[in-house]
**Q** 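Just passing along the structure, written as structure tokens.
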Number of protein chains: 2
Amino acid sequence: MKKRVSIKDIAEAAGVSTALVSYVLNNKEKEARVGKEIAIKIRDIAKQLNYQPNQLAKSLKSGKSYTIGLIVADISNPFFANIARTIEDEAKKNNYTVIFGSSDENAEKSKDLIDVLVNRQVDGFIIAPTENSQEQIKDLESRGIPLVLIDRYFPGISTNYVATDNFEASVDVVNHLVENGHKRVGLVTYDSDLINIKERQRGYEEALRKHGISVNPSMIAKIRFGNIEEDIPARINALLEGDKPVDSIFFATNTLALNGLKHINTLDYKVPQDLGIVCFDEGDAFDFFYSPLTHVYQPLFEVASKAVNVLIEQINDTQSPKKELIIASELIIRKSSGA
Amino acid sequence: MKKRVSIKDIAEAAGVSTALVSYVLNNKEKEARVGKEIAIKIRDIAKQLNYQPNQLAKSLKSGKSYTIGLIVADISNPFFANIARTIEDEAKKNNYTVIFGSSDENAEKSKDLIDVLVNRQVDGFIIAPTENSQEQIKDLESRGIPLVLIDRYFPGISTNYVATDNFEASVDVVNHLVENGHKRVGLVTYDSDLINIKERQRGYEEALRKHGISVNPSMIAKIRFGNIEEDIPARINALLEGDKPVDSIFFATNTLALNGLKHINTLDYKVPQDLGIVCFDEGDAFDFFYSPLTHVYQPLFEVASKAVNVLIEQINDTQSPKKELIIASELIIRKSSGA
DNA sequence: ATGAAAGCGCTAACAC
DNA sequence: GTGTTAGCGCTTTCAT
């Protein structure tokens, strides 16, 4: 790599000190009362030499990197990729750049990523926290590093977060199914302590009870994060077999629905006649499922853009009060949940 | 943000100079012949104080940021999100971190992104270049900044690149369609000068000619990047209407296929009986299309991981010869292209 | 109106 | 074995 031009090169070329160059190029000529002509000359030379300021040096000096660290479960998952895109755009508007990493829902990877990004002096974090990462989050908090959690959060820890109302959304789902004549609603969810997952189950159970339907553990299929391919067929078959098979399935996430429907497609069930289906989130995939899917629409754009705004607020004023934002989701009713 | 602990704090606490601390924490005690006990003491204190090296300072000093700049068209597009994920993993293996940006196929945005990332002293770039960004690429080259293009490249510019063989893949597609009895193959592609797009059309045309079928411009639908929603229905209808309607459609990209199939689904055509379909790339979406899609599988993992490896090679040795890698794709034959 | 110089955190050549 | 110091590129205080 060729030698880059620095402020010093410009100063020499202009026959002035580096101080003047710095003032001019940062548009502080007024405060510093730099001579009109000198200013013009400096700008000229800077342009000629194609001067590009070294952001690293600036950051080192100022203690501010204008960088946001983004940690999601998996950047290749459309759910997070969409969030990432919005965060990127929103960050750019504020002159921030985004460094990202994927945790794979793994607390150790998450810790490593946080360390790396802290070392890189990110000004703050946006994190979709993994299970068992409470200590990492607490640690960031105690070090006073600005932080916003998204999608999930930890009720016991005081942090900024932006998430959707998973409980209410799930209540809506079950209400809708029951009102459409489904009495035996199965839930396919993850075996996880993440609050978003737990809230979805809580909403499901609460709504059933409200309808006088007792919650039956055998109607809840818990899939292990790393074992989707293996668990899905087995657990769904279990829901559909036995003496009291489910008449509808509520998929707690996008990925579960995708895999679940692929499996159901191999079976002899017609949706919604034989089996009602509702799921969380959308997906291009679902546009081609023969029976358009009733689903929970989470306003990801809003989640992501608010997360950035809250974070930048915190960065600019560490004292600013913690924001805990819960955004409503919307139940989009299509054919798959019909009677 | 609380004051972070620096090498100086450790030095003071240990009653030694910063030099020793630096040596020890970088495992250079041998070369520097640091005392055994002092070394242990330094490490102890570092751990106690939870010392985290300031990567910015290191980079400023060393001129190496261990950061890769990644510019894709849109990180929320699964095609690029997948590439990004592989790049992230491969980079991490080599102790690199990734900063990304989305160009939206827009040369101006691309230029801005490059500037920002250059200022941040990325050690090198991986770029899926937009149309009309030749000058930007040349500029990076002339400044000696390591660079690998992916997915597309510019034949006139000598750069590293990793792409797939779009020409051959398209030839395979058309051969396959014609051999399955499709004589009037339509092409739905972008109105673009990007080499990957052009090569796909060239392959399509060449293969038709080889079969003695003359290329008819009216059978090629060119969609404008920003106008997919609008162009797709109109242009596809045009292909299907008239006195010489197509009997099959070759979609040149994922996104085009997704939108195209949605439209076709609203029409009265049965795939493959009434209309053969082949497309580039996969998608969860296609798993639910009633007629499983014959498609071109591009080995994205290979493209992305090779890109990282080539880039790191270049970073480590700017003199190392330019690598131009073309990887073969594979035609996956399913039902949608049947007779 | 301009320049000298300290210092952000770190490394490494050099001196002792 | 260990410490001193210059310097990476930049900002900013303080002299002049």
Side-chain angles (χ1 to χ4, degrees), chain A residues 1-43 45-46 49-67 118-123, chain B residues 1-43 45-46 49-67 118-123:
Chain A
M1 182 141 26
K2 280 167 199 164
K3 208 196 153 312
R4 302 186 31 139
V5 352
S6 79
I7 221 172
K8 204 170 152 193
D9 300 322
I10 300 178
E12 275 168 16
V16 299
S17 76
T18 59
L20 283 207
V21 179
S22 174
Y23 287 132
V24 171
L25 296 183
N26 288 297
N27 300 312
K28 295 197 177 150
E29 4 171 0
K30 290 271 140 53
E31 300 96 295
R33 293 177 305 175
V34 180
K36 200 85 182 144
E37 283 133 53
I38 273 295
I40 293 173
K41 187 171 176 190
I42 288 173
R43 269 190 244 278
I45 296 180
L49 267 44
N50 188 25
Y51 169 71
Q52 307 273 99
N54 183 328
Q55 188 63 40
L56 253 42
K58 276 192 166 174
S59 298
L60 178 61
K61 176 71 186 169
S62 68
K64 204 158 182 296
S65 65
Y66 281 96
T67 305
V118 165
N119 292 357
R120 283 173 184 266
Q121 314 297 117
V122 298
D123 290 337
Chain B
M1 178 140 31
K2 281 167 199 162
K3 208 194 152 317
R4 302 185 32 138
V5 350
S6 78
I7 222 172
K8 204 170 152 190
D9 301 320
I10 300 179
E12 276 167 16
V16 299
S17 76
T18 59
L20 283 208
V21 179
S22 174
Y23 288 132
V24 171
L25 296 183
N26 288 297
N27 301 312
K28 297 198 175 149
E29 2 170 3
K30 290 270 142 55
E31 299 97 297
R33 293 175 309 172
V34 179
K36 199 89 183 142
E37 283 135 50
I38 260 311
I40 292 173
K41 188 171 177 190
I42 287 172
R43 270 190 242 278
I45 296 180
L49 266 45
N50 188 24
Y51 168 72
Q52 307 274 99
N54 183 328
Q55 188 62 40
L56 254 41
K58 276 192 169 179
S59 299
L60 179 60
K61 176 70 185 169
S62 67
K64 204 156 182 298
S65 64
Y66 281 95
T67 305
V118 166
N119 292 356
R120 284 173 182 267
Q121 314 295 120
V122 298
D123 290 338

**Q** Kindly say if B:K58 contacts the phosphate of C:dT11, meaning a side-chain N or O under 4.0 Å from OP1 or OP2.
**A** yes

**Q** Taking only the side-chain heavy atoms of A:L20 (C-beta and beyond), determine which of C:dC10, C:dG3, D:dT12 contains the nearest atom.
**A** C:dG3

**Q** Out of C:dC10, D:dC10, C:dA13, which nucleotide sits closest to the side chain of B:S6?
**A** C:dC10

**Q** I need the NZ-C1' distance between B:K28 and D:dG1, as an integer number of Å.
**A** 18 Å

**Q** May I ask you to say what A:S22 touches in the nucleic acid, namely base, sugar-phosphate or nothing, with a heavy-atom cut-off under 4.0 Å?
**A** base

**Q** Between the main-chain N or O of B:T18 and the side-chain N or O of B:S22, is there a donor-acceptor pair closer than 3.5 Å?
**A** no

**Q** Report yes if a side-chain nitrogen or oxygen of B:K8 is closer than 4.0 Å to either non-bridging phosphate oxygen (OP1 or OP2) of C:dC10; otherwise report no.
**A** no

**Q** Tell me whether B:N54 contacts the main-chain N or O of B:L56 through its side chain, where contact means a donor paired with an acceptor under 3.5 Å.
**A** yes

**Q** Taking atom CD of B:E37 as the centre, report whether more than 12 heavy atoms of other residues, nucleotides or ligands fall under 6.0 Å from it.
**A** no

**Q** Minimum heavy-atom separation for B:L25 to B:A46, with atom names?
**A** CD2-CB, 3.9 Å

**Q** Let me spell it out: for each of B:S62 and A:A19, pick the nucleotide of DNA chain D with the closest heavy atom. Which residue's pick is nearer the 5' end?
**A** B:S62

**Q** Can you measure A:R120 atom CZ to C:dC10 atom P for me and round it to whole angstrom units?
**A** 15 Å

**Q** What's A:L56 touching, base or sugar-phosphate or nothing? Going by heavy atoms closer than 4.0 Å.
**A** nothing

**Q** CG of A:L60 versus C1' of D:dG7: gap in Å, rounded?
**A** 12 Å

**Q** Rounded to whole angstroms, how far apart are OH on B:Y66 and P on C:dT11?
**A** 12 Å

**Q** What is the separation between atom CD1 on A:I42 and atom P on C:dA1, rounded to the nearest whole Å?
**A** 14 Å

**Q** Grab the two heavy atoms, one from B:S65 and one from B:Q55, that are nearest each other, plus how far apart they are.
**A** O-NE2, 4.4 Å

**Q** Let me know the distance between CG of B:L25 and P of C:dG9, rounded to the nearest Å.
**A** 15 Å

**Q** In terms of side-chain heavy atoms of B:P53, which of C:dA12, D:dC10, C:dC10 is nearest?
**A** C:dC10

**Q** Heavy atoms only: give me the nearest B:A14-B:K41 pair and the separation to one decimal.
**A** O-NZ, 3.5 Å

**Q** Once you round it to whole Å, what is the distance between P of D:dT12 and CG of A:N27?
**A** 13 Å

**Q** Would one find a side-chain N or O of B:K61 under 4.0 angstrom from OP1 or OP2 of C:dA12?
**A** no

**Q** Nearest-Å distance, OH (B:Y23) to P (D:dG1)?
**A** 15 Å

**Q** Using only side-chain N and O atoms of B:S17, determine if any of them is under 4.0 Å from OP1 or OP2 of D:dT2.
**A** no

**Q** Taking OP1 and OP2 of D:dT11, is either one under 4.0 Å from a side-chain nitrogen or oxygen of A:N26?
**A** yes

**Q** Taking the nucleotide of DNA chain C with the closest heavy atom to each, which residue, A:T18 or A:V34, is nearer the 5' end?
**A** A:V34

**Q** Whether B:Y51 contacts C:dC10 is assessed here as follows: a side-chain N or O lying under 4.0 Å from the phosphate OP1 or OP2. Is that the case?
**A** yes

